[in-house]
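Convention: sequence-line order gives letters A, B, ...; per-chain numbering from 1. Note that the structure is predicted; figures quoted are calculated from it, not measured. Only heavy atoms go into these numbers, but all of them, side chains included; no hydrogens, no water, no symmetry mates.
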Amino acid sequence: MSQAHVSLRGVTKVFPSSSGGQGLHALGPIDLDLQQGEFFAVVGPSGCGKSTLLELIAGLTSATEGTVEFEGRRIEGDIPDGIGVVFQEDACFPWLSVEDNIAFGLRKIAVAHEEKRRRIGGVLDLMGLGDFARSYPAQLSGGMRQRVCIARTLVIEPRLILLDEPFGALDQQTRLLMGDEVLKLWRQTGATVFLITHALDEAAMLADRIAVMSARPGQLIDVVETHWPAERDSHIVERLEFGAVTARLWKSLREESLKTMAKTSRGPADRT
Amino acid sequence: MSSAAMKSARNALVLIAGLLAAWQALYWFVGDAALRPPLVTVQYTARLMTTDAFWMHLSETLQAFAVALSIAVAAGLVIGFGLGFHKLSAQVFEPMLVAVYSIPKITLYPILLLAFGLGMPAKIAFGAIHGIIPVALFTLNAVRNIKPILVKTGRVHGLGPFEMIRSILFPAALPEIFTGFRVGFALTLIGTLLGEMFAAQRGLGYLLMTAIGLHNVELIMAVTLLLVVFAATVSAGLLAIDRWLHRHI
Ligand SMILES: Nc1ncnc2c1ncn2[C@@H]1O[C@H](COP(=O)(O)OP(=O)(O)O)[C@@H](O)[C@H]1O
Ligand SMILES: [Mg+2]
């Protein structure tokens with residue numbers, strides 16, 4: 001039987017309110033299956049619960065209702081092995097060198113010292129950080145630091161990679177190039193990739209399937225299949241179908257974004 | 001030596017030479033009644049350092065200071081970490097800490113004397129109360145300013161609570177905590193010496209007080225010189241470490 005790599009059933013998340021009121025219904029209900037090895041992207045207006053969805057899959061927070069399964073095992077607020085996460089914010093440890101930051105990813109992984117050295121060398125090269133192994137994060141640009149975080153995630157050779165707006169802080173050109181790198185990594189590692197982004201073109205360029213989320217409480221209102229070949233890169237943006245994909249995403253998203261704008265212009269700004 | 005280190009060494013020398021010159025000039029101005037010139041003071045200090053009594057006083061002060069500083073740092077860290085992790089109690093206690101910090105500690109001295117009597121415990125207590133609050137406040141801030149994303153990263157990598165403190169919380173907070181230690185060091189030294197000046201029979205503070213009582217200007221100058229040299233040297237060292245930590249973390 002072919003089983004989904006990640007599977008969510010009726011998942012909702014309500015954040016309890018500190019004043020004992022109703023709480024904040026952030027997400028769901030959501031049903032979602034990620035297939036083994038697919039590149040899945042999620043787009044949605046800010047504050048709709050994208051990061052919450054990612055944290056549920058990572059086991060960083062537990063669902064109020066419903067179940068989350070990874071490789072057939074239920075995740076309930078515990079963090080399973082085999083999942084790597086890259087956050088939007090700079091998550092480098094400033095007191096560790098680039099190399100030691102990456103080695104941090106391996107501290108809980110039971111592999112021989114030699115194997116660790118080999119893997120660290122491998123991801124340093126892969127992410128173009130070879131010359132910076134002994135540098136400290138403060139000496140690097142934002143883009144380079146994000147590479148360090150990606151390298152720290154890849155070194156554990158995750159079977160599922162969760163990316164929460166990993167290129168949000170980078171300029172457009174760098175983002176396209178980083179997108180190419182991620183595609184290369186995805187092909188090389190064969191991992192399942194779950195990418196959150198607010199950039200429609202990024203989602204359209206990278207993913208096999210793209211889910212569109214509604215305004216809060218976030219639900220999946222559309223799933224778009226791109227049918228790109230696995231051997232692809234940023235040149236995909238030149239294709240005619242690329243325009244069609246982004247147009248469809250925008251059509252689904254436009255109304256939701258308007259709702260969010262109306263809400264935030266009345267109330268206090270949402271945390272993203 | 002790097003050129004930066006050379007530059008700061010040169011600055012220090014210029015500063016010391018300037019201070020010595022100012023001291024000598026002041027002596028010419030006020031005369032023997034209140035001061036001794038630098039050379040005489042250094043000679044007297046050298047002689048003082050050959051006496052047993054001096055070493056007895058010094059070791060008494062150092063002991064009191066070491067214990068007071070240990071208490072201040074340990075208690076400050078516990079209070080700082082405790083409040084740092086518990087938002088609500090931080091909201092309640094931080095203003096109180098700040099208020100207590102601004103009380104001139106000398107007003108508490110009579111109470112401490114009643115509680116501890118003359119001697120070592122009172123000095124230690126007086127030194128420690130000067131140092132605890134800055135260490136606690138800096139630690140509290142340090143813990144509060146740890147980026148949540150770093151803790152999240154630790155969780156993603158499966159760290160338990162103990163490893164989280166050792167590998168993430170502590171290094172993330174270290175530079176700020178060290179600043180607290182530096183400030184705590186200086187204030188605890190002041191507190192310990194003040195304690196010795198007003199109620200003790202031993203220690204450098206006591207020696208200074210007796211010298212004042214006997215109007216022994218050489219002795220006053222010698223003890224002051226030693227204290228200034230000690231405090232300045234250690235503070236400069238701590239400041240250098242502090243700067244290094246803040247640059248690298
Ligand atoms: N720990 C939390 N406690 C309370 N509310 C939260 C928490 N995390 C997120 N939220 C709220 O849940 C909603 C969704 O947040 P998030 O998942 O970060 O959105 P997105 O990533 O799509 O911008 C927001 O309104 C946010 O304020
Ligand atoms: Mg988010």
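Listed in order of number, the residues of residues 140-153 of chain B that approach chain A to under 4.5 Å between heavy atoms are Lys147(B), Ile149(B), Leu150(B), Lys152(B), Thr153(B).
For Arg107(A), the part lying under 4.5 angstrom from a heavy atom of chain B is the side chain only. Contact of Gln139(A) with chain B is not made at all, since no heavy-atom distance falls under 4.5 Å. Contact of Cys92(A) with chain B is made through the backbone alone, with heavy-atom distances under 4.5 Å. In this structure, chain B has heavy atoms under 4.5 Å from both the backbone and the side chain of Ala91(A).
Put simply, OG1 on Thr153(A) and NE2 on His157(B) are 5.5 Å apart, with the number rounded to the nearest 0.5 Å.
Partners of Thr139(B) under the side chain to side chain donor-acceptor pair (under 3.5 Å) rule, at least two apart in sequence or in another chain, do not exist in this structure. Every salt bridge (Lys or Arg N to Asp or Glu O under 4.0 Å) that Arg134(A) has, sequence neighbours left out, goes to Glu99(A). The side chain to side chain donor-acceptor pair (under 3.5 Å) search around Asp33(A) returns Ser7(A), Arg9(A), not counting sequence neighbours.
Dense packing is recorded around CZ of Arg145(A), with more than 12 heavy atoms of other residues, nucleotides or ligands lying under 6.0 Å away. Heavy atoms from other residues, nucleotides or ligands lying under 6.0 Å from CZ of Phe198(B) number more than 12.
Val156(B) and Ile79(A) get closest at one heavy-atom pair: O-CG2, 3.6 Å.
Chain B forms the most heavy-atom pairs under 4.5 Å with one residue out of Gly105(A), Pro80(A), Ala58(A), Gly84(A), and that residue is Gly105(A).
The side chain to side chain contact (heavy atoms under 4.5 Å, CB included) test with Trp95(A) singles out one residue from Pro171(B), Pro175(B), Ser167(B), and that residue is Pro171(B).
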